[in-house]
Amino acid sequence: MLLFYFYLFGIFISSKVEKFRESGQINYFVARTNYKKYLKSMLWAHSLYILSIVVISIFIILLLGVIITGKLIGPAYLGIYDINFLGFLGIVLLQIFLISFFAILINGISEVLNVWIKNKIIVQTIPFAFFTLVPMTISSTLGNIFITFGNVITLFVPFVGLKGLMNLVQSNSTYMDVITMALPFVCYTVLFIVLYKINIKKYMENCLWRKKLLF
């Protein structure tokens with residue numbers, strides 16, 4: 001499901017910023033505000049859209065599970081651990097948070113990469129190809145030769161983080177489990193912030209120049 005999200009969001013959302021810039025629609029917005037506010041509003045809108053899709057789809061899946069099985073059950077990977085309804089709900093909410101945060105970060109990185117990547121089709125493939133297929137391929141090839149390197153790259157495969165929930169709910173979980181699970185989120189957050197600032201700096205100057213021409 002997570003892979004489908006990346007594929008879906010890449011096609012319909014990730015190239016929006018570049019489409020607005022290329023079509024000239026961006027001039028309509030920056031003539032009334034500035035590029036930084038425009039980009040921030042676009043990213044917020046897309047983030048809320050992603051969060052809504054994730055929440056709705058997951059609860060639809062849970063509802064279908066209830067209809068088919070006649071009862072609400074916890075995730076199978078919890079193994080021998082028995083959890084009550086609140087515990088199960090907590091796991092679901094944590095999954096929603098992780099999936100949404102991962103998808104929002106990756107989509108945000110893809111959108112601001114239009115500083116260098118102008119081709120909309122390439123931008124649309126970035127979430128699925130670069131952030132999913134690339135780490136999966138590297139971890140399953142070079143990772144078999146360089147074990148430590150492979151273990152690190154494996155952490156960046158999107159659905160691996162969800163499997164890490166198993167360690168967190170067990171009594172023998174350690175701080176290392178939390179750090180390991182948080183590593184890709186920290187790296188992608190830093191990467192997004194850096195690319196966001198570069199994007200703002202480049203297009204803020206261009207839009208200000210165009211704005212002067214308009215007036």
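One-based numbering along the sequence shown. Just so it is clear, the model here is predicted, and its values are computed rather than measured.
A continuous path of ILVMFWY side-chain contacts below 4.5 Å connects Leu183 to Ile153, so both sit in one hydrophobic cluster. Trp44 and Phe102 fall into different hydrophobic clusters, defined by Ile, Leu, Val, Met, Phe, Trp and Tyr side-chain heavy atoms under 4.5 Å apart, directly or through other members. In the hydrophobic clustering of ILVMFWY residues, with side-chain heavy atoms under 4.5 Å counting as a link, Phe131 and Val194 come out together.
Contact check for Ile60 versus Ile56: side-chain heavy atoms found under the 4.5 Å cut-off. Looking only at side-chain heavy atoms (C-beta outward), Leu51 and Val55 come within less than 4.5 Å of each other. Side-chain atoms of Leu39 and Val112, non-hydrogen and from C-beta on, do get closer than 4.5 Å to each other. For the pair Val123/Leu113, no side-chain contact is recorded, criterion being any heavy-atom separation below 4.5 Å from C-beta on. Between Ile126 and Ile109 the shortest side-chain heavy-atom distance does not fall below 4.5 Å. Between Leu63 and Phe59, the closest side-chain pair of non-hydrogen atoms is not below 4.5 Å. Side-chain contact between Trp116 and Ile198: present, with at least one pair of heavy atoms (C-beta onward) separated by less than 4.5 Å. The shortest distance between side-chain heavy atoms of Ile58 and Ile99 falls below 4.5 Å.
Heavy atoms of other residues, nucleotides or ligands lying less than 6.0 angstrom from NZ of Lys118 number more than 12.
A donor-acceptor pair is defined here as one N or O able to donate and one able to accept, closer than 3.5 Å; such a pair exists between the side chain of Thr125 and the backbone of Ile122. A donor-acceptor contact shorter than 3.5 Å is absent between the side chain of Ser100 and the backbone of Phe97. Side-chain atoms of Lys202 come within 3.5 Å of backbone N or O of Val115 as a donor-acceptor pair. Listed for the Asn114 side chain is no donor-acceptor partner under 3.5 Å among the backbone atoms of Ile117.
Centroid-to-centroid, the aromatic rings of Tyr188 and Phe156 come within less than 6.0 Å.
Relative ring orientation between Phe185 and Phe101 is described as parallel, the plane-to-plane angle staying below 30° on a 0-90° scale split at 30° and 60°.
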